[in-house]
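The block underneath contains the structure these notes are about, expressed in structure tokens.
Please read all numbers here as calculations on a predicted model, not as lab measurements. Convention: sequence-line order gives letters A, B, ...; per-chain numbering from 1.
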There are 2 protein chains.
Amino acid sequence: MSQHPLTQYLDSVPDFPKPGVLFSDISPLLKNHFQETINAMSALFSDEEWAQIDCLAGIESRGFIFASALAYKHNKGIVKVRKQGKLPNVSASVGYSLEYGTDRLEMQQGDGSKIVLFDDLIATGGSMGAAAELCEKVGYDLFGMACLIDLASLNSFKYHDMMVRSVIQLHD
Amino acid sequence: MSQHPLTQYLDSVPDFPKPGVLFSDISPLLKNHFQETINAMSALFSDEEWAQIDCLAGIESRGFIFASALAYKHNKGIVKVRKQGKLPNVSASVGYSLEYGTDRLEMQQGDGSKIVLFDDLIATGGSMGAAAELCEKVGYDLFGMACLIDLASLNSFKYHDMMVRSVIQLHD
């Protein structure tokens, strides 16, 4: 499988955030190729699909970067999926497992509109899966899930039958 | 002073995040008037100024929402100002005081380019001031600071002689 041209701008940082982990730093890509990156993510959905989508949800905090630029481009609303305690008037929360311990995501009440979830990267799908469940729990109609980088493309995470769309697939 | 029309879409939430605080929730505005909000922030800088600006920095995490959409609109790079421990290859960090305790912001190495800082809201200016100092410390040329809501417009925060530009001014 050939790599997407944007892959060359990722910076691989060994031993971050802890020893043994090879971190894919998107900073050079955001700094020098941002519009190109957003256009590549936009192309994950067809024009017909974009016409059906009502709002975009960003998963705190790097998911905000992609949801926000795409919401502006397509004139959609933006909805926040936040870590516990950050959002007022929370309607529901869903917990998920981290390598050590657990975390929770929270959202405000939805309105039945069609929503797409965005994050920078998917590995095991823990936070994306929790966010997808949360979107439905608060009353959105989950239309899709997307991210810039899929680290586990050979064994991809699914939410029910829905796959996560991604621009860059990295795997061993 | 007349209020900006976007002010009506803010949701005032009493006693969040703690008793006695009246929180300005930007969620309805992001959900239903996002493009209008971003265009209002864009108008804080003239076309001549936008032509001089190289990149936009968002302060984690709501600052990412504004920096990102504006970076896409104007085809600029986006740079992250993150909380401690989130960013690899950190060049410098600057601490600032919170009501209880302190926090630190971190950035990667800059390149002398002209940068504008974005956040959702400014109150005392603690995090904006730290981010401004940090931009200069890592080697950016600080061109401006902007936010959606200024809570202290009668007694505004300045960094050296530079004021924070804002769309909505709220004060007692």
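Taking hydrophobic clusters as Ile, Leu, Val, Met, Phe, Trp and Tyr residues chained together by side-chain heavy-atom distances below 4.5 Å, B:Val81 does not share a cluster with B:Ile53. One hydrophobic cluster, built from ILVMFWY side chains closer than 4.5 Å, cannot hold both B:Ile59 and B:Ile149; they sit in different ones.
For the side-chain hydrogen bond (donor to acceptor under 3.5 Å, both in side chains) test with A:Ser61, the passing option among B:Glu60, B:Lys83, B:Lys80 is B:Glu60; the others fail.
Of the atoms belonging to B:Ser113, it is side-chain heavy atoms, and not backbone ones, that fall under 4.5 Å from chain A. Heavy-atom distances place both the backbone and the side chain of A:Lys31 under 4.5 Å from chain B. For B:Asp54, no part sits under 4.5 Å from any heavy atom of chain A, backbone or side chain.
Counting all heavy atoms, side chain and backbone alike, A:Phe16 lies closest to B:Pro88 at CZ-N, 3.5 Å.
Listed options B:His33, B:Glu36, B:Lys73 were ranked by heavy-atom pairs under 4.5 angstrom with chain A; first place goes to B:Lys73. For the set B:Ala69, B:Ser68, B:Gly77, B:Gly58, the count of heavy-atom pairs under 4.5 angstrom toward chain A peaks at B:Ser68. For the set B:Phe66, B:Phe64, B:Phe34, the count of heavy-atom pairs under 4.5 angstrom toward chain A peaks at B:Phe34. Counting heavy-atom pairs under 4.5 Å between each of A:Val13, A:Val79, A:Asp11, A:Leu29 and chain B puts A:Val13 at the top. Ranked by heavy-atom pairs under 4.5 Å with chain A, the first of B:Gly85, B:Pro17, B:Ser27, B:Ala67 is B:Ser27. The residue among A:Leu30, A:Leu56, A:Thr37, A:Asn32 with the most heavy atom pairs within less than 4.5 Å of chain B is A:Leu30.
A:Arg62 is not listed as a side-chain neighbour of B:Lys86, based on a closest heavy-atom distance of 4.5 Å or more. The closest side-chain heavy-atom distance from B:Tyr72 to A:Asn39 is below 4.5 Å.
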